[in-house]
Engineer: 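First the structure, which I've put down as structure tokens, then a few questions once you've had a look.
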Amino acid sequence: MEYTINVNGQLLDLQRPLVMGILNATPDSFYEVSRMRSGEDAARRAIQIISEGGTIIDIGACSTRPGSEPVGEDEEMSRLRVALSAVRDVLPDAIISVDTFRSSVAQMAIEEFHVAIINDVSASEEMMRLSASKGVPYILMSSESDFRQALMFFSEKVQRMREMGQKDIILDPGFGFGKTLQQNYELMSQLDKLQVLDLPFLVGISRKSMIWKFLGTTPNDALSGTTVLNAIALQKGASILRVHDVKVAVDVVKMVSAVG
């Protein structure tokens with residue numbers, strides 16, 4: 001499908017799938033290797049994401065993994081300012097998305113650091129309204145466990161956002177959120193049906209428990225499973241892969257695109 005989104009006044013073409021690299025400005029991400037503890041760490045990670053072929057840098061400063069205890073708003077803002085300042089110093093024109101469920105944090109990131117995309121797990125009215133008012137693309141995530149319910153959820157929220165004036169919406173089926181292991185795989189099997197909504201969708205399954213629990217390993221040993229599922233997601237129409245391992249994902253995009 002041919003999709004474009006407006007990022008900071010320029011059209012980003014999603015006809016060829018893109019890779020979004022994860023930058024965790026947190027000390028408690030489920031995947032220990034991804035934890036960035038300083039501005040210098042964040043800058044190095046951002047450079048790595050871009051140099052390995054990533055297009056979008058997704059920066060989060062408050063873990064949203066199921067069962068985690070969110071840090072306070074002030075701490076999240078402080079962590080984000082450090083990471084965003086460091087990344088902007090080395091990559092002033094990079095396309096950055098902010099991974100947060102707090103509208104105040106998203107507003108700060110947009111206004112102070114020209115963050116181009118909001119990546120939100122909450123689907124809150126306040127966050128949707130903020131993205132529309134700022135003209136910033138919004139990643140809408142569903143925690144619904146059943147595919148039919150997810151379609152209904154997306155349809156309702158998309159209509160609401162259109163009424164707010166939002167033009168650029170990216171769907172995220174929310175692998176790992178509100179779903180059992182089996183439900184995650186059932187969702188993957190039906191992923192292509194999301195195309196009925198005529199919107200781009202993002203898949204974020206990188207090293208998640210749906211992979212390493214299924215294989216009986218750990219997040220550190222979940223790259224092979226991640227790669228297989230990312231290839232399947234692309235074949236089913238995914239426009240963006242959100243990953244820890246950028247170069248591998250970029251290669252997957254190339255290989256799947258070559259097959260057609």
Engineer: Is it the case that Arg162 and Gln159 place a side-chain donor and acceptor less than 3.5 Å from each other?
Structural biologist: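 Side-chain D/A pair, Arg162 to Gln159: absent.
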
Engineer: Do Leu191 and Phe201 come within less than 4.5 Å of each other through their side chains, counting heavy atoms only?
Structural biologist: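 Sidechains of Phe201 and Leu191: in contact.
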
Engineer: I would like to know whether Ile47 and Ile50 meet side chain to side chain contact (heavy atoms under 4.5 Å, CB included); could you show each step before the answer?
Structural biologist: CA-CA 5 Å; Ile47 291 170; Ile50 299 302; over 6 Å; no

Engineer: Mark yes when over 12 heavy atoms from residues, nucleotides or ligands other than Met152 sit less than 6.0 Å from its CE; otherwise mark no.
Structural biologist: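 Count not over threshold, so no.
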
Engineer: Nearest 0.5 Å, what's the CD-CG distance between Gln235 and Asn230?
Structural biologist: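 One finds 11.5 Å between CD of Gln235 and CG of Asn230.
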
Engineer: Less than 4.5 Å apart, any side-chain heavy atom of Phe153 and any of Ser143?
Structural biologist: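 Of all side-chain heavy-atom pairs linking Ser143 with Phe153, none is under 4.5 Å.
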
Engineer: In terms of side-chain geometry, is the basic nitrogen of Arg129 or Glu125 positioned less than 4.0 Å from the acidic oxygen of its partner?
Structural biologist: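 Salt bridge: yes.
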
Engineer: So, Asp221 and Arg207, do they make that salt bridge, N to O below 4.0 Å?
Structural biologist: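 No, Asp221 and Arg207 are not salt-bridged.
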
Engineer: Can you tell me if Thr218 and Asn220 form a side-chain donor-acceptor pair at under 3.5 Å?
Structural biologist: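 Thr218 vs Asn220: no donor-acceptor pair found between side chains.
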
Engineer: Are Asp99 and Arg242 close enough for a salt bridge, meaning some N to O gap below 4.0 Å?
Structural biologist: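 Yes, this pair counts.
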
Engineer: Can you tell me how far CZ of Phe175 sits from OG of Ser142, rounded to the nearest 0.5 angstrom?
Structural biologist: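 The CZ atom of Phe175 is 10.5 Å from OG of Ser142, to the nearest 0.5 Å.
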
Engineer: Counting C-beta onward and ignoring hydrogens, is there a side-chain heavy-atom pair between Lys236 and Gln195 closer than 4.5 Å?
Structural biologist: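 The answer is no, as the side chains (C-beta and beyond) never meet within the 4.5 Å cut-off.
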
Engineer: Might you point out which heavy atoms bring Ala46 and Ile57 nearest each other, and give the distance in Å?
Structural biologist: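 The answer is CB-CD1, 3.8 Å.
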
Engineer: Between Asn24 (side chain only) and Thr26 (backbone N and O only), is there a donor and an acceptor less than 3.5 Å apart?
Structural biologist: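 Judged by distance alone, no pair lies under 3.5 Å.
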
Engineer: Using salt bridge (Lys or Arg N to Asp or Glu O under 4.0 Å) as the criterion, list what pairs up with Asp89, not counting sequence neighbours.
Structural biologist: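 Partners of Asp89 by the salt bridge (Lys or Arg N to Asp or Glu O under 4.0 Å) criterion come out as none, since no residue qualifies.
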
Engineer: Hey, is Lys134 close enough to Glu111 for a salt bridge, meaning N to O under 4.0 Å?
Structural biologist: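 A salt bridge links Lys134 with Glu111.
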
Engineer: Check this for me: does any side-chain nitrogen of one of Lys247 and Asp251 sit under 4.0 Å from a carboxylate oxygen of the other?
Structural biologist: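 A salt bridge links Lys247 with Asp251.
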
Engineer: For Thr180 and Gln183, which heavy atoms make the closest approach, and how far apart are they?
Structural biologist: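 Looks like N-OE1, 2.8 Å.
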
Engineer: State, to 0.1 Å, how close Thr55 and Leu12 come at their nearest heavy-atom pair, and which atoms those are.
Structural biologist: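 Heavy atoms of Thr55 and Leu12 come nearest at CG2-CD1, 4.0 Å.
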
Engineer: Set out, in order, the CA-CA distance, both residues' side-chain angles and the distance that settles side chain to side chain contact (heavy atoms under 4.5 Å, CB included) for Leu140 and Asp120, then state yes or no.
Structural biologist: CA-CA 6 Å; Leu140 171 66; Asp120 173 29; over 6 Å; no

Engineer: Going by distance alone, is a donor N or O of one side chain under 3.5 Å from an acceptor N or O of the other, for Glu186 and Gln190?
Structural biologist: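 No, no side-chain donor-acceptor pair sits under 3.5 Å.
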
Engineer: Does this structure show an ion pair linking Arg160 with Glu156, if we count only N-O contacts that are shorter than 4.0 Å?
Structural biologist: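 Looking at Glu156 together with Arg160, the answer is no, because their closest N to O distance does not fall below 4.0 Å.
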
Engineer: Between the side chains of Ser97 and Asp58, does any donor sit under 3.5 Å from an acceptor?
Structural biologist: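 A pair is found: one side chain offers a donor N or O, the other an acceptor, under 3.5 Å apart.
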
Engineer: Would you say Pro173 and Phe147 make side-chain contact, with heavy atoms under 4.5 Å?
Structural biologist: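 Contact flag for Pro173/Phe147 side chains = no.
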
Engineer: Kindly write out the residues that satisfy side-chain hydrogen bond (donor to acceptor under 3.5 Å, both in side chains) with Ser51, not counting sequence neighbours, or none if the list is empty.
Structural biologist: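 Ser51 satisfies side-chain hydrogen bond (donor to acceptor under 3.5 Å, both in side chains) with no other residue.
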
Engineer: If I take atom CD1 from residue Ile117 and atom CD1 from residue Ile59, how far apart are they, to the nearest 0.5 angstrom?
Structural biologist: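 The CD1 atom of Ile117 sits 11.5 Å away from the CD1 atom of Ile59.
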
Engineer: Give me the atom names and distance for the closest heavy-atom approach of Pro17 to Ser257.
Structural biologist: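 So the two residues come closest at CD-OG, 4.4 Å.
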
Engineer: Drop me the distance from Ser239's OG to Arg16's CZ, to the nearest 0.5 angstrom.
Structural biologist: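 Answer rounded to 0.5 Å: 13.0 Å.
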
Engineer: Have Tyr138 and Asp168 got a donor and an acceptor in their side chains that come within less than 3.5 Å?
Structural biologist: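 Distance-only check fails for Tyr138 and Asp168.
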
